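Each remark here refers to the structure printed beneath this line.
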There are 2 protein chains.
Amino acid sequence: MELDQLDRDIIRALVEDARATYAEIGHRVGLSASAVKRRVDRLRETGAITGFTARVEPAALGWTTEAYVELFCAGKTSPSEIGVAVSRLPEVVSACTITGEADALLHIRATDVRHVEKVIERIAAEPFVVRTKSSIVLSRLIETPLVTSRDEPFIGPHNESAFII
Amino acid sequence: MELDQLDRDIIRALVEDARATYAEIGHRVGLSASAVKRRVDRLRETGAITGFTARVEPAALGWTTEAYVELFCAGKTSPSEIGVAVSRLPEVVSACTITGEADALLHIRATDVRHVEKVIERIAAEPFVVRTKSSIVLSRLIETPLVTSRDEPFIGPHNESAFII
DNA sequence: CCTGAAATTCTCTTCAC
DNA sequence: GTGAAGAGAATTTCAGG
């Protein structure tokens, strides 16, 4: 499906504040409230917008430690096998299969380093896991769910910024 | 600050649907709308809830490729130096310093593999970057911003689930 | 700390154009 | 796409538990 600049502007407004009113968004992007609503409804139907969520400070809920864990798996392990296994661990907030030496990369959130260790133990206990390699996060520098245009981004001559919302 | 189970339930409701009405949330958690509003206001003031955002399908905006890039930096590179540099690249959606061999781990979103390559080139051009090691994401298995209780999570005897919202 | 209600204001939603 | 109008929700305030 095709998104025009107005759709992108509306998405950007909703990413910044999902509780903004249609009138507020309309004022910002140059449309009437009803036109904004119609576009938002369409963006949700087509799946461009999948929902609205609260941004929560993990530390406020006790999740003060994060780590990345590389998984090295047995020869014929399928992505879905890994997916099923890591889905059982709520501490795994992100997981994907990747190119390179490791087969998968997990992002885990935990209450402390001891908790990280226990989660890694459980992952390592999966029969298809040959070994793991972990990195504890020292300091978070950037955390955005999406690509957004920040102040004066350096975009080169081949303007990839075409897609930046 | 202290969060009780009602606060966690409200946060969970808002994470699932940030546009739910106070009455809806109240019905779900067993409070009146005005009590919910009072608590949500407090959760925002104390910083537990930092805002409300739209969940967007990156592919709908053209971001179909993602990669993780490990950064190996010169001896005395500070985290903020890395932060400033990667903040200039809108494609970097997440960045942190980590323990282990690499100094930092970046998560980048791009339109295609060629675009990934260009972003890595720009990162590698930073004077403090000694070398990089990249992994392209093959398939995403899990993507949640936060730790949430999923169906029947296996939680061991030392119940870390105390903090799961 | 909660409820429930009333009054005001604002927002959503629909519809004609 | 706009604008208007009725339905519905948010907000604020209050008395009372």
Side-chain angles (χ1 to χ4, degrees), chain A residues 1-63 145-146 148-149 162-165, chain B residues 1-57 60-62 145-146 148-149 161-165:
Chain A
M1 123 154 214
E2 191 81 4
L3 298 187
D4 64 14
Q5 192 53 48
L6 281 168
D7 291 321
R8 293 171 189 284
D9 291 344
I10 290 169
I11 288 172
R12 188 197 297 226
L14 284 171
V15 166
E16 285 174 23
D17 180 10
R19 296 195 74 134
T21 66
Y22 294 126
E24 281 164 2
I25 299 167
H27 182 256
R28 178 167 161 179
V29 307
L31 283 181
S32 66
S34 48
V36 172
K37 182 192 186 306
R38 203 176 309 134
R39 279 174 181 259
V40 172
D41 288 345
R42 190 172 49 88
L43 289 168
R44 298 195 63 172
E45 276 165 22
T46 59
I49 293 175
T50 60
F52 301 100
T53 186
R55 233 182 280 125
V56 173
E57 177 58 44
L61 284 152
W63 306 99
L146 209 76
T148 53
S149 62
F163 285 107
I164 293 172
I165 66 166
Chain B
M1 124 154 213
E2 192 80 3
L3 299 187
D4 65 14
Q5 192 52 49
L6 281 168
D7 290 321
R8 292 172 189 283
D9 291 345
I10 290 169
I11 289 172
R12 187 197 298 229
L14 284 171
V15 166
E16 284 174 23
D17 180 10
R19 297 194 72 130
T21 66
Y22 294 124
E24 281 164 2
I25 299 167
H27 182 255
R28 177 167 160 180
V29 306
L31 283 181
S32 66
S34 50
V36 172
K37 183 189 186 311
R38 206 176 309 137
R39 280 173 181 259
V40 171
D41 288 344
R42 190 171 49 89
L43 289 168
R44 299 195 64 173
E45 275 165 22
T46 59
I49 294 175
T50 60
F52 301 100
T53 186
R55 232 183 282 126
V56 173
E57 178 58 46
L61 285 152
L146 208 76
T148 53
S149 63
S161 70
F163 285 107
I164 294 173
I165 63 167

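Chain A is the first sequence line, chain B the second, and so forth, proteins listed ahead of strands; every chain is numbered from 1. All values reported here derive from a predicted model rather than from experimental measurement.
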Judged by nearest nucleotide, the residue sitting upstream toward the 5' end of DNA chain D, B:R38 or A:A35, is A:A35
Nearest whole Å is fine: how far is C:dT11 P from A:D41 CG? 17 Å
What is the separation between atom CZ on A:R39 and atom P on C:dT13, rounded to the nearest whole Å? 18 Å
Among the nucleotides C:dT11, C:dC2, D:dT11, whichever has the atom closest to the side chain of A:T21 is C:dT11
Nearest-angstrom distance from the residue atom NE2 of A:H27 to P of C:dT11: 13 Å
Tell me which nucleotide among D:dT2, C:dT11, C:dC2 gets nearest to the side chain of A:S32. D:dT2
So, for B:T50 and A:E57, which heavy atoms are closest and what is the spacing to 0.1 Å? CG2-CB, 4.2 Å
For atom CG of A:L6 and atom P of D:dT2, their distance in whole Å: 9 Å
With a 4.0 Å cut-off, would you call B:R39 and B:D4 a salt bridge? yes
What integer distance in Å separates B:I10:CD1 from C:dC1:P? 13 Å
B:Y22 OH - D:dG8 P separation (whole Å): 21 Å
Separation of C:dC12 P from A:L14 CG (nearest whole Å): 11 Å
C:dT11 base / A:R19 side chain donor-acceptor hit below 3.5 Å: no
How about B:I11 and B:L3: do any of their side-chain heavy atoms sit closer than 4.5 Å? yes
Side-chain ion pair, A:D41 and A:K37, N-O less than 4.0 Å: yes
Look at the side chain of A:S34 against the base of D:dG1 and say whether a donor-acceptor pair falls under 3.5 Å; ignore hydrogens and angles. no
B:K37 NZ to C:dC1 P, in whole Å, measures 15 Å
